[in-house]
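The residues of the chain are indexed from 1 along the displayed sequence. Counting starts at 1 for both ligands and their atoms, in listed order. Quick caveat: nothing in here was measured; it's all calculated off a predicted structure.
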Amino acid sequence: RPAPTADPAVTPRPVPAPRAAVGARTLRKDNWWVEPLVTVVVLVGFVAYGMWAALRNGNYFHDPYLSPFYSPCLTDNCLDNATPHIFGDISPVSPALIILVFPLGFRLTCYYYRKAYYRSFWWAPPACAVPDFRRGYQGETRFPLILQNIHRYFWYFAIIFAGLLTYDAVLAFIYDGHFGIGVGTGVLVVNAALIWLYSLSCHSCRHLCGGGLKRLSAAPLRRRVWARLSVLNRHHMFFAWASLLWIMATDFYIWLVASGHLTDAHWIA
Ligand code: FES
């Protein structure tokens with residue numbers, strides 16, 4: 001059989017250089033394991049706190065503050081009348097267990113968190129230039145990890161939740177019908193701001209605004225939005241951690257006030 005003749009129009013692909021025969025698992029001498037370790041500690045801490053917060057089913061509202069774990073309000077335990085209190089005054093399960101499906105789904109499938117927990121929990125790989133723990137790693141090409149692609153759809157729910165948390169932050173300025181500002185108001189405002197920054201810096205959001213176009217310059221408005229989101233996107237990791245930790249801090253603060261362990265300082269006009 002004649003050998004196939006080379007097509008001069010096709011640029012030949014460069015042949016990758018052979019790997020050096022290195023016996024050691026990694027040549028890195030720095031403390032590369034610190035980042036995965038910190039990630040494990042913080043994420044396990046969040047899961048433990050989140051379980052306690054979601055299962056306690058009480059002390060999540062202190063007028064006018066509502067914990068983000070229990071927003072939107074689904075019971076008569078909150079004074080908010082804008083959302084349907086589908087559970088009345090007694091809820092068969094903690095409302096947080098229903099609500100958290102959406103924010104948790106968004107975070108679990110987040111591109112940044114995926115990198116963080118693949119590295120720290122599965123060691124796939126644990127760090128740059130450190131090999132995978134398992135040899136048969138297939139990436140996200142198969143079930144179940146291929147389901148991570150659902151992230152772009154969770155983003156729409158994330159925007160709804162960002163709106164709800166903003167609504168809670170606005171209500172935190174109204175004390176028994178009067179305008180006021182308290183420590184809890186500031187906590188809820190920062191919480192809403194961080195959630196917006198985290199959601200808007202999402203890679204899916206950036207793609208939604210600037211992706212799918214043959215020429216970005218032909219859509220000047222989308223290009224401008226995309227350029228601004230790209231600035232936020234560079235800090236997505238920071239917003240991911242800051243918003244996660246602040247959600248915990250917000251819930252904890254409201255629990256302290258609602259359970260009588262702390263008195264909220266506030267000023268009412
Ligand atoms: Fe992190 Fe979308 S990539 S929230």
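- With atom 1 (Fe) of ligand 1 as the vertex, SG (Cys110) and NE2 (His236) define an angle of 110°, rounded to 10°.
- Taking 4.0 Å as the cut-off, Tyr198 counts as a neighbour of ligand 1 on heavy-atom distance.
- Annotation: cation-pi geometry satisfied between Arg107 and Tyr198 (NZ/CZ under 6.0 angstrom from ring centroid, within 45° of ring axis).
- With a 4.0 Å cut-off on non-hydrogen atoms, Trp155 does not touch ligand 1 at all.
- Per-residue contacts place His151 under 4.0 angstrom from the following atoms of ligand 1 (heavy atoms of the residue considered): 2 (Fe), 3 (S), 4 (S).
- Note on Cys202: counted as a metal contact of atom 2 (Fe) of ligand 1, an N/O/S atom lying under 2.8 Å.
- Val231 and Leu229 are members of different hydrophobic clusters when ILVMFWY side chains are connected at heavy-atom separations under 4.5 Å.
- His178 and Asp176 are not linked by any side-chain donor-acceptor pair at a separation below 3.5 angstrom, with hydrogens and angles left out of the test.
- Between His207 and Trp226, a ring centre-to-centre spacing not shorter than 6.0 Å is recorded.
- For the pair Arg56 and Trp52, the cation-pi test (distance below 6.0 Å, angle within 45°) is passed.
- Counting heavy atoms closer than 4.0 Å to ligand 1, residue Phe106 contributes side-chain atoms (C-beta onward) but none from N, CA, C or O.
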